[in-house]
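This report concerns only the one structure given below.
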There are 2 protein chains.
Amino acid sequence: MDTGKKPRHRPVDLVKREAILDAARDEFFTHGFAAASIETIAAVSGVSKVTIYNRFKTKETLFAAVVERQCTMMSAVFVAPDAPGTDLRQQLIAFGETMVDFLTQPHVMRFERRIGAEAELRPEVGELFLNAGPRRLRRELTALLESAVSKGTIRPCDCEMAAGHLYGLICGFDMFFARFSENGPDPHQLQQQVPDAVDRFLDAYGD
Amino acid sequence: MDTGKKPRHRPVDLVKREAILDAARDEFFTHGFAAASIETIAAVSGVSKVTIYNRFKTKETLFAAVVERQCTMMSAVFVAPDAPGTDLRQQLIAFGETMVDFLTQPHVMRFERRIGAEAELRPEVGELFLNAGPRRLRRELTALLESAVSKGTIRPCDCEMAAGHLYGLICGFDMFFARFSENGPDPHQLQQQVPDAVDRFLDAYGD
DNA sequence: TACATTATGAACGATTGCGTTCAATTATAC
DNA sequence: GTATAATTGAACGCAATCGTTCATAATGTA
């Protein structure tokens, strides 16, 4: 219960919290947890090191906070564009384009790369990420395909597997390659490949 | 020229070099370059720290040596099983199974995860990896499909894109998910999905 | 046995970085 | 203005680690 009773003292600066988390995100994702420097984070965010330790008990806590913020940010993105009325091909293309748009963002790619590495020693971080992003994505895509099956637009199949197939067709080698090169995939080029991928998917699964 | 002239002194212990590289691989890929400890590597490989510095000038040099060894190890694997005489479906299934077999090896997955992260600060490492593995893989798969096109087994198409499609169909979500969970993909299950993926590929590209 | 080189172990200097302490300053409510 | 809490800057203890030095031991050839 927030009694609205205002304390008679200096309030915490909420802007600073975001600044800290922003700087921490960059530092952690660029150098990794171990090599990240709290002092650098303090300097970049324009905040005293003590302030950071006042708000986040340890380096681990700060890292967890960063990951959590990124995860909620991610899960907010996946809203299935189940625009009824348009045909399946258009729906799948829209879905694919949204997905590609999202996945090719530099900061998303950096997030992915870093979580993959950190999960080596911190499995719970990997789980958090999976639940916030990939599993959600698969669930929604599967639901979309199940609805298509029930409408008879595509033939009956294991829709979860089909979702994986569509995802794979869209990404091809590109997302794989992009993880290891500084200049990620050309989002524009990947966009152009989406219709092709969807058409191959419909060749394979269409009625 | 190796004149066969034997030096009259204690020779270098070649076994130790491998031991060092093995320990270094584990340490680097588990903790990342920055957090890896040379002293741990020395202890695990049963070698003095000075010996390591005698053979590898710096930590960076040692890391580079590890990456290079892993890369040559990888490039040695990709021999296209272009068994002529078998039909395309069998050929693609064999290719897929070999690929899955290789990619799901725990030490290969750890290599991938770590290179992805390190490439953030060391692009040249990412390039090395790409040339040793993924690009080679794509080249061979593309060649296989081109030969299939010329034989009329599948219809004419952009074979490099088709190769990406086949790769994507085979991996689906699984390789993606596996990067973030401690228990990787069930290689057995992935194996079973290969024929399905190949059949969907042939649905889409078959003549 | 004498020699040449590799390998070891222990210690060192220098750096970095976490997390803490403390006195001083700032911002807000009353 | 005063009380209260947030924030700062500087300094500290402590541990880890890179890379080096050096005296000593081990291992091979001649």
Side-chain angles (χ1 to χ4, degrees), chain A residues 2-67 114 118 121-122, chain B residues 2-67 114 118 121-122:
Chain A
D2 187 350
T3 54
K5 206 176 11 173
K6 293 191 180 176
R8 51 188 280 190
H9 62 74
R10 179 179 183 177
V12 300
D13 190 337
L14 290 176
V15 176
K16 291 201 162 126
R17 186 188 164 86
E18 291 303 298
I20 293 172
L21 288 175
D22 283 350
R25 159 170 54 75
D26 291 347
E27 178 73 5
F28 278 133
F29 293 172
T30 305
H31 301 281
F33 175 80
S37 155
I38 297 268
E39 320 223 7
T40 302
I41 295 172
V44 170
S45 57
V47 157
S48 163
K49 186 170 62 156
V50 186
T51 300
I52 294 183
Y53 278 101
N54 282 343
R55 296 169 178 235
F56 307 93
K57 194 157 177 39
T58 73
K59 197 184 185 185
E60 299 262 4
T61 315
L62 178 56
F63 182 69
V66 169
V67 172
R114 188 52 62 183
E118 298 295 341
L121 282 175
R122 291 168 229 280
Chain B
D2 185 352
T3 54
K5 209 184 354 179
K6 292 192 181 178
R8 49 184 281 188
H9 61 74
R10 180 180 181 176
V12 300
D13 190 337
L14 289 176
V15 176
K16 292 203 162 125
R17 187 190 164 85
E18 290 304 297
I20 294 171
L21 288 175
D22 283 348
R25 159 172 51 77
D26 291 347
E27 178 73 5
F28 279 133
F29 293 171
T30 305
H31 301 281
F33 175 79
S37 155
I38 297 267
E39 321 223 4
T40 301
I41 295 172
V44 170
S45 59
V47 157
S48 163
K49 185 170 65 157
V50 187
T51 302
I52 294 183
Y53 278 101
N54 282 342
R55 295 169 178 232
F56 307 93
K57 193 156 178 40
T58 73
K59 197 185 186 184
E60 299 262 5
T61 315
L62 178 55
F63 183 69
V66 168
V67 172
R114 187 52 61 186
E118 298 295 340
L121 281 175
R122 289 168 229 282

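The model shown is predicted, which means the values in this text are computed figures rather than measured ones.
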With heavy atoms under 4.0 Å as the rule, sort B/Ala35 into base, sugar-phosphate or nothing. nothing

Of the options D/dT7, D/dC18, C/dT8, whose atoms approach the side-chain atoms of A/Asn54 most closely? D/dT7

Regarding C/dG19, can its base be found pairing with the side chain of A/Lys59 as donor and acceptor, where the two atoms are less than 3.5 Å apart? no

Rounded off to whole Å, could you give me the CZ-to-P distance for the A/Phe33 and C/dC18 pair? 9 Å

By nearest-nucleotide position on DNA chain C, the 5'-leaning member of A/Val50 and A/Ala34 is A/Ala34

For B/Glu27 and D/dA16, what is the distance between atoms CD and C1' respectively, to the nearest whole Å? 13 Å

Just call it for A/Ala36: base, sugar-phosphate, or nothing, with non-hydrogen atoms closer than 4.0 Å on any strand. sugar-phosphate

For B/Arg122, is the CZ atom crowded, meaning more than 12 foreign heavy atoms sit under 6.0 Å from it? yes

Of B/Glu39 and A/Arg55, the one whose closest nucleotide on DNA chain D sits nearer the 5' end is A/Arg55

Assign A/Lys16 to base, sugar-phosphate, or nothing according to its heavy-atom contacts below 4.0 angstrom with the strands shown. sugar-phosphate

A/Tyr53 OH to D/dC12 P, in whole Å, measures 19 Å

Residue that, paired with B/Ile20, satisfies side-chain contact (heavy atoms from CB on, under 4.5 Å) out of B/Val44, B/Val66, B/Leu62: B/Leu62

May I ask you to test the B/Glu60-B/Phe33 pair for a side-chain heavy-atom distance under 4.5 Å? yes

Using whole Å, report how far NZ of B/Lys49 lies from P of D/dC22. 16 Å

Spell out, as yes or no, whether a donor-acceptor pair under 3.5 Å connects the side chain of A/Thr30 to the backbone of A/Glu27. no

In whole angstroms, the gap separating P of C/dT28 from CG of A/Leu14 amounts to 12 Å

From CG of B/Leu62 across to P of D/dT17 the rounded distance in Å is 15 Å

Taking atom P of C/dT20 as reference, at what distance in whole Å does atom CD1 of A/Ile38 sit? 11 Å

Within the side chain of B/Lys16, is there an N or O that forms a donor-acceptor pair under 3.5 Å with the backbone of B/Ser45? no

A/Phe56 CZ to C/dC18 P, straight-line distance once rounded to whole Å: 15 Å

Give a yes/no answer on whether the side chain of B/Thr51 brings an N or O atom under 4.0 Å of OP1 or OP2 in C/dT8. yes

